[in-house]
Structure formats: C-alpha cells, structure tokens
Amino acid sequence: MSYDEETSRVQKLKRLKEMNLDPYFQFFKPNSSASDIKDRFSTLSPGDHISSVDIRLAGRVVLIRDFGGSIFFHIQDQTGKIQCFIERKLSEEKIKFFRDFIDTGDILGVRGDVFRTKKGEITIYVRDFVILSKCLRSLPEKWHGLKDVELRYRKRYVDLFMNQEVREIFHKKSKIISHIRDFLSKKGFLEVETPILQYVPSGAFARPFKTYHNELEMSLFLRIAPELYLKKLVVGGFEKVFEIGRNFRNEGLSAYHNPEFTMLELYQAYSNYEDLMMMTETLMYELAQLVNGEPYIKDPETQEKISVDIPFRRVSICEEVAKLLEVDKEDLKDIEILKRKLGGKIDFTGKDWGAVVLEVFEKYIASGLRSPTFVVDFPVSTSPLAKRKSSDPDYVERFELYILGIEVANAFSELNDPEDQRKRFEELMRKREMREIFEDVDWDFIAALEYGMPPTAGEGIGIDRLTMILLGLNSIKEVILFPTLKPE
RNA sequence: GGGUCAGUAGCUUAGUUGGUAGAGCGGUGGACUCUUAAUCCACAGGUCGCGGGUUCGAAUCCCGCCUGACCCA
C-alpha cells in the first residue's frame with residue numbers, strides 16, 4: 001500500500017473519532033439483505049420509487065462512482081451486491097460527509113428506500129448512513145480482483161470479499177457436508193466424536209504429528225485416522241456411526257495433500273464392502289446433482305464433462321496390474337516374477353508382493369481412472385484392518401473409489417477376528433519402519449474385538465478431495481479456507 | 001528430495017543485443033446530479049522477492065537463499 005493512501009484513510013478515521021463518530025463504537029441492525037431487496041422489488045419499472053419502506057442494509061462498500069451532485073456506490077453483504085444512491089438534493093451535508101470520509105472497503109450501514117434507475121438497476125435511495133468499520137488498507141483492483149494465488153491463500157479474507165466464486169466454493173462445500181449428514185442420519189447413523197489426541201497413531205499408514213501433555217508427562221499423537229475408536233463404538237453397540245473431522249498427516253504437501261484435512265468415516269454393522277459401494281455410488285450421484293445441478297463433474301485438466309451415473313465401473317487391482325505386467329494373476333504373488341517384470345522401475349526393499357502390486361497400481365494405473373471407478377481386491381498385506389476374501393485369503397474385501405485419477409474413498413469389510421487382527425498387528429510391528437513411525441499399536445483394540453464386533457463395513461471419504469472433484473477444481477488448497485503454507 | 005517456471009507501485013501488469021523503471025485500476029487535488037470497469041484534467045506513489053558477484057553501468061547476466069505454482073521421486 002502506498003504511504004499516502006494509508007495515511008489518508010487513517011486521517012479520516014482520526015477525524016471521525018474527533019467528531020465523536022468512532023466507527024468502532026457504532027451499532028446498526030440491518031433488516032434486509034442485498035438479494036432480499038432485489039427479489040422484493042423486482043417488479044419495479046425504471047424510474048419507479050417506493051418511498052414507503054424503511055430499508056436498513058449493512059455491508060462493505062466495494063465501488064464508488066462520484067458525480068459531484070450525486071454518488072452511486074455498491075454495498076456487498078453476504079448475499080451479494082446492491083447499488084446505492086445518495087444525492088445533494090436530499091442533503092448537502094450528507095453527501096459532503098460521504099465524500100470526505102467513505103472509502104472503498106469501509107463497512108457501512110445504510111438506511112433508505114428503494115427505486116429502479118432509468119437504466120433499470122434496483123437501487124437503495126440512501127437517506128442516512130453510518131460508518132461501522134473503517135477499512136485502513138487499499139483494496140485490490142476492482143476489475144481483476146485478487147489473482148495472485150499465494151496472496152489469495154495467505155490473505156484469504158481478502159480473497160473472500162473480492163472473489164465471489166471463491167465464496168461460492170465454500171458455500172458448496174458446506175452444502176456437501178450438510179447433505180452427507182442428512183444422508184447418513186436418514187439411514188439411522190449416529191454422529192460421534194472420537195479422540196484427536198491419541199496414545200498411538202492408528203488406522204492408516206502415515207507419519208503422525210507428535211505432541212506432549214505436560215500434566216500427564218506423556219507424548220500424544222494427533223490422529224491420522226479415527227478408525228479404531230469408531231470400531232470400538234460398534235463393539236459398544238452403536239451399529240451405524242460416523243464422524244466428520246480433521247485428520248493430521250505429517251507428510252508432503254501437494255495439489256491433493258494438506259497436512260490437516262477433513263475426513264468422513266462411517267461404520268455400519270451387519271454389512272460388507274459391497275453394501276458400501278452401493279451406498280457410495282448413490283451419495284456421489286446425489287452430491288453431483290446437488291452442487292452441479294446434473295449428474296456430471298468437470299475434469300479440470302480437459303474441461304471434459306464426466307458422468308457419475310450409477311453403477312460405477314469396478315476393476316480389480318490385481319487384474320489390472322497383471323494385465324499391465326502381462327502375467328497371470330496368480331503370478332503376482334511371486335515376488336521374483338515381479339522383480340523380473342519390473343526390473344529397476346520400483347524399489348523392492350522391505351516390500352512384499354502386495355506392497356509392490358499396490359505401488360504399481362498407484363504409479364501406473366490410478367491416474368488414468370477418470371470416471372468414477374471402484375478398485376477392488378487389495379492384497380492382504382496392504383490392508384491390516386480389512387477382512388480376507390473367503391475365496392482367496394491373500395486378498396481382502398476392500399475398495400477404493402477413484403475419480404479423476406484421485407483416491408476419494410477407501411472402504412472395507414472390517415476384520416473382526418481378534419486372533420487374525422493380533423497377528424497382523426504383530427506383523428506390522430516386526431517392520432522396523434513401522435515401529436519407528438508408530439512406536440506401538442493400540443492393543444486395546446484387540447481387547448475390543450475379543451468382546452465381539454459384529455460383521456461390519458467401514459469407509460473413509462476425504463471431504464476436501466471430494467469437494468475439489470465435485471467442483472472441478474485442480475487443487476485441494478482451493479477448498480480449504482486456510483491451507484497450510486510456510487510463513488512469509 | 002530433484003527439475004521447470006514465476007516474484008516489478010496497494011492490486012493487475014509492460015519492460016531483450018545490460019544504458020535514468022512504464023501503464024491501468026486504486027489514492028490525492030479539481031470538474032461533473034442516472035452511473036454500470038463512469039468520464040475529463042493535474043499530481044503523488046518503486047529496496048524491480050532477499051543476499052552476493054560480473055560490469056563504467058544490472059529488473060535484465062552469474063551464484064546462493066526465500067516464497068509460490070507445476071512436473072517428477
């Protein structure tokens with residue numbers, strides 16, 4: 001900001017205070033909004049003036065056009081912008097006061113009535129106004145707005161009041177979350193909250209954030225997933241539970257990764273992953289309909305429209321990988337064959353065949369799955385909390401949903417055999433890397449399973465990614481109000 | 001972690017053989033009573049991301065760093 005503009009605005013504030021009109025001590029109760037007024041007076045003809053109403057509207061001044069004897073200005077509130085008009089004919093004093101003290105960016109309360117201009121715009125005829133907050137900084141350009149991506153994220157509040165389409169993104173994100181809540185409550189799900197501070201991180205493979213509790217003199221971890229706690233609730237008798245909350249993963253940032261992100265996790269007893277696939281399809285279809293008005297989403301890379309019509313395609317991860325490597329599906333279990341086929345393309349250290357198959361899938365196949373696709377049949381070693389397939393115990397009943405090449409959901413029939421679960425935990429703890437990251441596992445979860453968990457299916461859906469995909473945006477930062485950035 | 005690109009006034013930006021940094025919006029002062037990115041006149045506003053180097057001279061060339069975007073791992 002130029003020094004001149006700053007001092008000019010600060011001077012105005014100082015003079016207001018001297019006149020006993022300190023904006024920070026003014027109060028004003030609006031009785032209307034920009035969109036209300038436009039709706040209510042939509043039938044006015046150009047030139048018509050309704051003076052029998054007492055409109056009170058408050059918001060930010062976003063544009064001023066000064067004609068000397070009259071001034072047009074625009075006020076923006078939560079519902080949009082509306083034009084206001086003040087003229088000398090009404091009061092020489094008021095128009096002078098406006099000219100002397102009002103800048104774009106100020107928060108104003110206006111009182112008056114309504115007319116439609118000769119050119120046809122519904123306008124508030126301002127009879128009085130009060131300054132409710134002074135804007136001491138100069139605003140971005142009125143035409144181009146705030147475009148600089150970094151500035152938009154760092155000064156999100158400016159981004160929000162300058163860019164309507166950004167406000168819309170967050171309105172839609174809120175609608176998406178509300179719809180999910182509705183959708184699940186109607187099905188009898190109970191919304192719950194489980195610990196974010198956990199003794200041991202669990203429920204996913206990810207590096208955790210570690211913190212410390214002073215009184216208890218112990219380390220705690222910010223959760224990487226709520227999974228085990230939610231399943232303990234199923235043991236407790238809540239047959240359908242879900243949680244929408246923040247997870248924290250201490251890993252790299254990318255267009256699809258923010259260190260903290262919002263996750264929906266749901267668990268449904270007496271169900272399996274097939275049931276969840278059907279439920280997920282329906283939910284996705286409804287959400288696209290809700291935010292886009294049609295069962296389509298837009299691919300931000302190609303601008304192509306992509307249908308979310310039911311049913312979604314299903315592919316088997318092992319069949320896809322076997323096809324890619326030109327081997328028989330059974331050969332995938334032979335790490336020597338994998339090594340021969342993949343020579344050099346993948347680092348095999350510390351990996352079993354399952355981990356390799358998963359990596360091949362993620363590296364070479366996943367990004368090509370643009371239309372909604374359920375990927376099924378994960379190797380058991382990659383899914384330590386999932387139930388084995390009865391037809392082939394080397395695989396589990398699990399799916400991931402890919403849309404636009406991005407993983408949106410991950411679900412499985414939950415492993416409820418405490419003995420198998422214990423073995424898989426022990427297997428994990430044998431891996432040095434796992435011990436280093438997780439330190440231990442939640443053995444109480446085994447105890448819970450020993451009390452008996454009904455057959456249950458569970459799913460996690462990344463709400464930020466989901467929003468990004470539904471709205472055709474190319475970065476998760478666009479759907480997180482304050483994305484993680486390094487300080488300037 | 002590696003690579004590519006970007007950072008110039010409050011904002012949006014121009015700036016190539018290296019030669020005093022230019023505009024629009026916004027601001028200040030003035031004119032103007034129906035504008036729609038209002039218009040017209042005048043003026044002010046710059047550590048060219050930061051730090052080094054090369055050079056008579058650097059926004060521009062070189063090195064390092066910071067921040068961001070994209071790609072790769």
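Quick note on labels: first sequence line is chain A, next is B, and so on, each numbered from 1.
Salt-bridge check for A/Glu400 with A/Arg398: passed, with a basic side-chain N closer than 4.0 Å to an acidic carboxylate O. A salt bridge is defined here as a Lys NZ or Arg NE, NH1 or NH2 lying under 4.0 Å from an Asp or Glu carboxylate O, and A/Glu359 with A/Lys351 meets this definition. Checked for salt-bridge contact, A/Arg435 and A/Glu439 miss the test: no charged N lies under 4.0 Å from a carboxylate O. Electrostatic pairing of A/Lys329 and A/Asp331 does not count as a salt bridge here, judged by no charged N lying under 4.0 Å from a carboxylate O.
Of all nucleotides listed (B/U28, B/U33, B/C34), B/U28 comes nearest to the side chain of A/Ser8. Comparing B/A37, B/C11, B/U33 by their nearest atom to the side chain of A/Trp143 picks out B/A37.
Nucleotides B/U8 and B/A69 have their P atoms positioned 16 Å apart, rounded to a whole Å. Only the P atoms considered, B/G29 is 29 Å distant from B/A21, to the nearest whole Å. Across B/G68 and B/C62, the matching P atoms stand 24 Å from one another, rounded to whole Å. Rounded to a whole angstrom, the distance from the C1' atom of B/C40 to that of B/U55 is 47 Å. Separating the P atom of B/G49 from that of B/C56 is a span of 25 Å, rounded to the nearest Å. Rounded to whole Å, the separation between the C1' atoms of B/G27 and B/C11 comes to 12 Å. The gap from the P atom of B/C61 to that of B/G2 amounts to 23 Å, rounded to the nearest Å. Comparing B/A59 with B/U20, their P atoms are spaced 10 Å from each other, to the whole Å.
Rounded to a whole Å, the CG atom of A/Asp159 is 11 Å from the P atom of B/U12. Between A/Leu146 atom CG and B/U13 atom P there is a gap of 10 Å when expressed in whole angstrom units. Whole-Å rounding puts the A/Phe161 CZ to B/G26 P distance at 16 Å. A/Phe85 has its CZ atom 14 Å from the C1' atom of B/A38, to the nearest Å. Distance, A/Gln11 CD to B/G29 P: 12 Å, rounded to whole Å. Atom CG of A/Asp106 and atom C1' of B/G27 are 14 Å apart (whole Å).
Residue A/Ser138 places none of its side-chain N or O atoms closer than 4.0 Å to OP1 or OP2 of B/G26. Of the side-chain N and O atoms in A/Lys81, none sit less than 4.0 angstrom from OP1 or OP2 of B/A37. Within the structure, every side-chain polar atom (N or O) of A/Lys147 is placed at least 4.0 Å from both OP1 and OP2 of B/C25. At the phosphate of B/G26, OP1 or OP2 sits under 4.0 Å from a side-chain N or O atom of A/Lys142.
A/Pro23 is listed as a side-chain neighbour of A/Leu16, based on a closest heavy-atom distance under 4.5 Å.
No engagement by A/Gly252 is indicated, since no non-hydrogen atom pair under 4.0 Å with the nucleic acid exists. Across all strands shown, A/Phe73 has no heavy atoms under 4.0 Å from either base or sugar-phosphate atoms.
For RNA chain B, the residues of residues 89-103 of chain A within the heavy-atom distance limit of 4.0 Å (strictly under) are A/Lys89, A/Asp103, sorted by number. Listed by residue number, the members of residues 58-72 of chain A with any heavy atom below 4.0 angstrom from RNA chain B are A/Leu63, A/Arg65, A/Asp66, A/Phe67, A/Gly68, A/Gly69, A/Ser70, A/Phe72.
For A/Lys118 and A/Leu151, each mapped to the nucleotide of RNA chain B holding its nearest heavy atom, the one lying further toward the 5' end belongs to A/Leu151.
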Donor-acceptor contacts under 3.5 Å from residues 35-42 of chain A side chains, at least two apart:
from	atom 1	to	atom 2	distance (Å)
A/Asp36	OD2	A/Ser33	OG	3.2
A/Lys38	NZ	A/Lys81	O	2.4
A/Ser42	OG	A/Asp39	O	3.1

Donor-acceptor contacts under 3.5 Å from residues 468-482 of chain A side chains, at least two apart:
from	atom 1	to	atom 2	distance (Å)
A/Ser475	OG	A/Lys477	N	3.1
A/Glu478	OE1	A/Arg152	NH2	2.8
A/Glu478	OE2	A/Arg152	NH1	3.1
A/Glu478	OE2	A/Tyr153	OH	2.8

Validation: residues 89-100 of chain A side-chain donor-acceptor distances under 3.5 Å, sequence neighbours left out:
from	atom 1	to	atom 2	distance (Å)
A/Ser91	OG	A/Glu93	N	3.3
A/Ser91	OG	A/Lys94	N	3.0
A/Lys96	NZ	A/Asp100	OD2	2.7
A/Arg99	NE	A/Asp66	OD2	2.7
A/Arg99	NH2	A/Asp66	OD1	3.0
A/Arg99	NH2	A/Gly68	O	2.5

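The nucleotide B/U39 finds its pairing partner in B/A31, both defining distances of the Watson-Crick or G-U wobble pair being shorter than 3.5 Å. B/U12 and B/A23 make up a base pair, with Watson-Crick or G-U wobble contacts both under 3.5 Å. Pair assignment for B/A69: B/U4, on the basis of Watson-Crick or G-U wobble contacts that are both within less than 3.5 Å. Remark: B/C50 base-pairs with B/G64; criterion is Watson-Crick or G-U wobble with both hydrogen-bond distances under 3.5 Å.
Listed by first and then second residue, the salt bridge (charged side-chain N to carboxylate O under 4.0 Å, His left out) pairs that reach into residues 20-34 of chain A come to none, sequence neighbours excluded. Applying the ring-ring contact (aromatic ring centres under 6.0 Å, His included) test to residues at least two apart or on different chains, the pairs with a partner in residues 365-384 of chain A are A/Phe312-A/Phe374, A/Phe374-A/Phe399. Annotation: ring-ring contact (aromatic ring centres under 6.0 Å, His included) contacts involving residues 327-361 of chain A, sequence neighbours excluded, comprise A/Trp353-A/Tyr395, A/Phe361-A/Tyr402.
In terms of modelled atom types and a separation under 3.5 Å, the side chain of A/Asp440 and the main chain of A/Val200 share no donor-acceptor contact.
Every ring pair (Phe, Tyr, Trp, His ring centres under 6.0 Å) that A/His49 has, sequence neighbours left out, goes to A/Phe115, A/Tyr125. The side-chain contact (heavy atoms from CB on, under 4.5 Å) check on A/Gln78 picks up nothing, with sequence neighbours excluded.
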Do nucleotides 66-73 of chain B as a string where each nucleotide becomes B, S or -: B if the base has a protein heavy atom under 4.0 Å, S if just the sugar-phosphate does, - if no protein is that close.
-SSS---S

Pair A/Arg60-A/His74, side chain to side chain donor-acceptor pair (under 3.5 Å): steps then yes or no:
CA-CA 8 Å; A/Arg60 192 181 293 277; A/His74 288 189; over 6 Å; no

Polar atoms only, N or O, under 3.5 Å: list the protein pairs with nucleotides 22-24 of chain B and their distances.
from	atom 1	to	atom 2	distance (Å)
B/G24	N2	A/Glu141	OE2	3.3

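The residue from A/Ile86, A/Ile102, A/Asp106 that alone fulfils the side chain to side chain contact (heavy atoms under 4.5 Å, CB included) condition with A/Phe73 is A/Ile86.
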